[in-house]
2 protein chains.
Amino acid sequence: MSQESLDSTEIKIKEAARELFSELGMKGATMRKVAEKAEVNVALVNYYFRSKEKLFLSIFEEKFRSYTKDGLSILNDTSRDLLDRIKTYIDRLNHQINNDQGLPIFILSETHYNPNLLDMLSDLNKEQAAIETQQLQATLDLDYHSGKIRPIKAIDFQMALFSMIVFPIISKKILTKTGKLAAAGFESYESYEPHWKNTTLSIMEAFLKPLS
Amino acid sequence: MSQESLDSTEIKIKEAARELFSELGMKGATMRKVAEKAEVNVALVNYYFRSKEKLFLSIFEEKFRSYTKDGLSILNDTSRDLLDRIKTYIDRLNHQINNDQGLPIFILSETHYNPNLLDMLSDLNKEQAAIETQQLQATLDLDYHSGKIRPIKAIDFQMALFSMIVFPIISKKILTKTGKLAAAGFESYESYEPHWKNTTLSIMEAFLKPLS
DNA sequence: AATAATTTTAAACACTTGTTTAAAACAAAC
DNA sequence: GTTTGTTTTAAACAAGTGTTTAAAATTATT
C-alpha cells in the first residue's frame, strides 16, 4: 500500500487534469502538459489512470454531475415567500457558477464535440430529474390554487431562470469584447451582474403575477 | 488565372473546413480530414490557405460575424405592435440558429479555449453594437412615455430574449439525454420548442406590462 | 507549338501525440 | 538484511500532427 498523504501523486495528477481539461478541453490538453503541471513523470499519468480517455472521463463525470445538480430544493421551502425563494436560488446558482466559471462551457463544448459522452452518463440523472420536477410542479400548483400566481409549468420556470442566469455568464467575455456592455453604460460585466440579477428577479416576478 | 467554377478547389476546401471545424473544433479537426472531406490533396490546403490557423481564422471570423449580427432592426419597426415585433424576432432568431445549430457552441467554445480570438475581431463590432442599442433604447423609451410599457433598458431586453432563445437550443442534447423534457411530459425537444417560444413571448409580455 | 504560369501530386520533413517498456528507486514484510 | 511489492524514471515506440519540397500535370500565354 502507498502512503496516503494529501498531495499524493494520484491526487496531484487529477488536480492538474481538472484545470487543464477545463481550460483547454479534451483535445487541447495533453498527457505531457498534465504531467508537467502535476510535477510528475509522464508515465505516471498512464500508470494511475490507464489512458487519457479514462482520465478525462473521470474529470468529465465529476463536472457533469456538478453541472446538472441544481439546488431546486430551495424553491420548495414552503416556509418562505416564493419571490424570496427565487432570489435565493438566483444568488446560489450565480455563486455556484462563479466558483467554476468554465463549467457550463466545458460541459456544453465537450458534449457537442463528442456526443458519445452523454450516452455514458444518462442513466443516473434520469430519476433525480423526474423527482425534482414533480416537487417544484406541486409547489407551483399549490400557489396557483391559492391565487398567488398564474398557472406555470415547472419546466418553463426552470428553463427561464437557468437560461437567464447561466447564458449571460458564459457570454461574459464576448459581451465585454464586442462592447455590448460598454454601449449600455456598464464599465464591465462585474458592474452589470448585480443589475442583471435584479432584472432576472423582476422578470420572473412579472411572469408569475396572476392575470387581472 | 484559374477557372472559377462553382466548386473550385478553394471553395471545396473552405466548405469542408466549415463543416469539420464546427463539428470537431479547432483542435479536433485536422488538415488531413479537411483534405479528405474536400476530396483534395493535403498539400493543397496549405497551398490555398497557408496554414491551419489561417484557415480556421477565415472560418471563425465568418461564423463570429453571423453569431453577433442579430436583426434588432425588426424591433424598431414602429408600424407594428411591439409584441408582434417580439414574436417575429423570436421566430427569426430561432430560425437563424436552427439553420446552423452548432454556431453558438462553436463560438462560445473556441473563444473559451482560445481567448486570443476575441482580441483579433473586437474592433469591427463595437460601433455597430452601440448603434443598435441606441435605436432599440429609443423605441423602448418612446413606448414607455406613451404609457405602453414600463421603463426598460435595451441591454436587459436583449439579454433576456437572447438568453431564453439561444440557451435552450444549445442545451437541447443534454436536456433530452438527462430526461428533463421527458419528465415534464414532452417527448422531444422538437415538441417542446413551440411551447417554449410561446412561453418566452409571455414572459416578455408580462415583463413589459406597465405596473398598475 | 513552345513557353510560362498555375495547380496538383506523392513523398518526406520535423515534431508532437498517447502509450509502453524495462530498469531503477523506494517502501513494506518477513 | 534479504525479499517482495509498489512507485518512479528515462527512453523508446508507433502513429498522427502541420508543413514543405520538388517534380509532375494542367492550364494560360505568346
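Just so it is clear, the model here is predicted, and its values are computed rather than measured.
- In this structure, A:His112 has its ring center at least 6.0 angstrom away from the ring center of B:Phe106.
- The distance between atom OH of A:Tyr48 and atom P of D:dT6, rounded to the nearest whole Å, is 11 Å.
- At a threshold of 4.0 angstrom between heavy atoms, the contacts of A:Ala29 are confined to the sugar-phosphate backbone, with no base atom among them.
- Each of A:Lys33 and A:Arg50 was matched to the nucleotide of DNA chain C holding its nearest heavy atom; the match closer to the 5' end belongs to A:Lys33.
- Between A:Phe21 and A:Phe56, the ring center distance clears the sub-6.0 Å criterion.
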Please encode protein proximity along nucleotides 9-15 of chain D as a string of B, S and -, counting only heavy-atom distances under 4.0 Å.
BB-B---
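- Rounded to an integer number of Å, the gap from B:Lys27 NZ to D:dG16 C1' is 14 Å.
- When the P atom of C:dT19 is taken as reference, atom CG of A:Asn46 falls 5 Å away, rounded to whole Å.
- Residues A:Tyr89 and A:Asp77 have side chains that never bring a donor and an acceptor to within less than 3.5 angstrom of each other.
- DNA chain C forms stems at C:1-30 with D:1-30, each a run of 3 or more consecutive Watson-Crick or G-U wobble pairs whose two key distances fall under 3.5 Å.
- In this structure, A:Thr30 does not reach the C:dT16 phosphate: none of its side-chain N or O atoms is under 4.0 Å from OP1 or OP2.
- Put simply, A:Tyr47 has a side-chain N or O that comes within less than 4.0 Å of OP1 or OP2 on D:dT7.
- When atom types are taken as modelled, the side chain of A:Arg32 and the backbone of A:Val42 share no donor-acceptor pair closer than 3.5 angstrom.
- Residue B:Met31 contributes atom CE, which lies 17 Å from atom P of C:dT17 at whole-angstrom precision.
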